[in-house]
Amino acid sequence: MDTLADAERLLNARDPSGCLGLLEPMRVRLGEDEALTRLWLRALAELPRRQTLVSEVQAALAVGSVDVAIAGAVALNGVAALRPLDAPPPSADTPAGATASMALSLCDAALAQLEPKDAGVGFLHWQRANALRALGPERDEEAVDAYLAATRAQPEHGPIWFDLCVLHKWRGRWQNALECALKARARLGDHRGVLWNAAIAATVLGQGDVAGGFWRDLGLPVRLGRGGMPVVDGAPNLQVRVPSRRSTYGLEDEPELGFEVLWVAPTSPCHGVVVSAAFREHVIDHGDVVVWDGVPVATDPPVFPLLEQLHSSAQIRLAFVAIASPAQIAELADGLSALDATLFATTPGADARSSEGASNGASNGAADVASADEQLVRGKLIAPEGTDLRALQAALMAVLGRVPMKFAIPELYESLQDTKRAGQEHQAWRGVVRVAEKRGLLRKADGG
């Protein structure tokens, strides 16, 4: 029985766990037998969540060959790649940061022992670039240089061009991303990931004919709309997550850095209009046009990461806070609908995805408040650009006169340049929060 051959057959059959299970009795040879070690590392690259991966890579490196160094870096970069690219840069004490740093050191050490023309140099530059990319934007220039070094050494290796395209995409360098996607396609053919990246880049660049061709190559039913941009008809709303900070209003029991999930009405397969309101602090909000990546960061239901804001809406957005029942919020929404103002409302800590329904009409915002009793309500009024703010104020006051509730909307008075009243509304906001805390309607975050 040839154990290594059987283990390799399992690995080629996409059973890395079975491969390592077969090799486990031979663990003492890891780092001594190069053939076994390289096979072991290939399996590890398919199992980035394996708890013992780092220690096994460290043991494997005793072989000391360039091939083992490359395979070890690939396995370590697989762990780093588990961190989504839209997440904040990893710190050194996280698995992504630690393994990327280890992969970088491994590649640097191996490259120091080689001449530029030696075998393996291109692949080491490639893995070094992937490690630098995982460490965040501050290593961006080094990462680009490493990818270019890899392409000079291995110009026909398509995956290098694909990974460089991904880096340019996440940094918003769309022309560079498209050029690298085309080079990857010339070497890899109509690989689905390559076509998606090319289509996204061409869409953002406004190259409608080019983008439409890529989307159709992917089998997506797009047409060119007014302005020559790709359009997909009848696509359902989807969810896009946005890196954000906790709002300054003291309402959320949430971490300082995190994400908010917004609903978007697609225009094409990768861009569309935000149709829900944002409640955390970031630059994206209702009415903006955004572009998202094609690989979801969650699958049940799918949630796609934001890539870029393409257009900022000029509509009026006014945050408010209240202690009210769903019926009162519904009456408030109805009272503002004559001005085409849309009301979004949720309770602090509620899933931001629940606000999708409010995009269909002002009165639907009340559906986000789940209880029939009074709740602390975090909300936002959205009004078209050019709305008469005095008329909006009058309509709001009329409803509050009929339906008294604890309510504060400082941004309305800031927009009206009524400094005194805006200050009073900020005080009222803090008062609403204090009352909510006393009634047990709000659980404050630590340190908040």
Side-chain angles (χ1 to χ4, degrees), residues 38 41-42 45 65-81 83 85 89 96 99-202 204-205 207 210-211 214 217 293-295 307:
R38 290 171 60 183
L41 290 173
R42 284 176 54 202
S65 75
V66 170
D67 287 340
V68 166
I70 294 171
V74 171
L76 292 168
N77 279 330
V79 179
R83 170 192 159 275
L85 288 173
T99 52
S101 296
M102 185 177 173
L104 179 61
S105 297
L106 177 58
C107 292
D108 285 341
L111 284 167
Q113 301 175 38
L114 298 176
E115 297 296 329
K117 298 295 186 182
D118 286 347
V121 165
F123 286 92
L124 283 167
H125 281 300
W126 176 30
Q127 293 309 311
R128 183 175 185 272
N130 285 342
L132 287 162
R133 183 182 69 186
L135 290 172
E138 66 274 14
R139 307 302 295 270
D140 189 61
E141 187 174 345
E142 295 174 83
V144 171
D145 288 344
Y147 279 124
L148 293 177
T151 63
R152 288 192 293 271
Q154 301 281 346
E156 297 308 312
H157 193 66
I160 299 174
W161 291 106
F162 177 81
D163 286 350
L164 179 54
C165 168
V166 170
L167 174 64
H168 286 312
K169 175 183 69 174
W170 280 101
R171 301 297 184 261
R173 295 186 290 263
W174 296 107
Q175 186 61 48
N176 290 333
L178 179 57
E179 291 170 0
C180 289
L182 293 175
K183 290 177 180 178
R185 186 186 192 187
R187 292 155 177 82
L188 298 174
D190 286 344
H191 181 278
R192 194 165 183 83
V194 172
L195 292 175
W196 263 95
N197 283 324
I200 292 171
V204 176
L205 290 168
Q207 299 179 16
V210 176
F214 289 131
D217 287 342
D293 195 30
V295 179
L307 284 173

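Treat the numbers as computed from the prediction; the structure is a model and nothing was measured.
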Worksheet entry | ring-ring contact (aromatic ring centres under 6.0 Å, His included) partners of W126, counting only residues at least two apart | F123, H157
Worksheet item: Of all residues at least two apart in sequence or in a different chain, which pass the side chain to side chain donor-acceptor pair (under 3.5 Å) check with D217?
Response: R185
Fill in: salt bridge (Lys or Arg N to Asp or Glu O under 4.0 Å) contacts in which one or both residues fall within residues 111-127, not counting sequence neighbours
none
Discussion item. For a quick test of reading the model, state the closest non-hydrogen atom pair linking V66 to A119 and the distance between them.
Written reply: CG1-O, 4.1 Å
Discussion item. I'd like to check the salt bridge (Lys or Arg N to Asp or Glu O under 4.0 Å) partners of R192; sequence neighbours left out, ordered by chain and number.
Written reply: none
Worksheet item: If you take all heavy atoms of A153 and G122, which pair is closest and at what distance?
Response: CB-CA, 3.5 Å
Practice prompt. Starting at CG of L41, measure out to CD1 of I70 and round the result to the nearest 0.5 Å.
Written response: 11.5 Å
Going by atom type alone, with no hydrogens or angles, which donor-acceptor pairs under 3.5 Å involve a side-chain atom of residues 101-113 and a protein atom two or more places apart or on another chain?
| from | atom 1 | to | atom 2 | distance (Å) |
| --- | --- | --- | --- | --- |
| S101 | OG | G97 | O | 2.9 |
| S105 | OG | S101 | O | 3.1 |
| D108 | OD1 | R128 | NE | 2.5 |
| Q113 | NE2 | A109 | O | 3.4 |

Worksheet item: Can you name the nearest heavy-atom pair linking C165 to A177, along with the distance?
Response: SG-O, 3.3 Å
Discussion item. Please enumerate all residues that pass ring-ring contact (aromatic ring centres under 6.0 Å, His included) together with F214, with sequence neighbours excluded.
Written reply: none
Discussion item. Going by the rule side chain to side chain contact (heavy atoms under 4.5 Å, CB included), which residues pair with A129 if we only count those two or more places apart in sequence or in a different chain?
Written reply: A146, Y147
Discussion item. Test: ring-ring contact (aromatic ring centres under 6.0 Å, His included). Region: residues 170-189. Which pairs qualify, not counting sequence neighbours?
Written reply: none
Fill in: Any residue meeting side chain to side chain contact (heavy atoms under 4.5 Å, CB included) with D145, in chain and number order, not counting sequence neighbours
E141
Worksheet item: Can you name the nearest heavy-atom pair linking G294 to I200, along with the distance?
Response: N-CD1, 4.0 Å
Response to the item:
The side chain to side chain contact (heavy atoms under 4.5 Å, CB included) partners of R171 (sequence neighbours excluded) come to P137, D140, L167, R173
Fill in: For E179, side chain to side chain donor-acceptor pair (under 3.5 Å) partners two or more places apart
Q175
Discussion item. For the CD atom of Q127 and the CG atom of L76, what is their distance to the nearest 0.5 Å?
Written reply: 9.5 Å
Worksheet item: Is a side-chain donor or acceptor of R187 paired with a backbone partner of P155 at a separation under 3.5 angstrom?
Response: yes
Item to complete: Apply side chain to side chain donor-acceptor pair (under 3.5 Å) to R83 and list each qualifying residue two or more places apart in sequence or on a separate chain.
Response: none
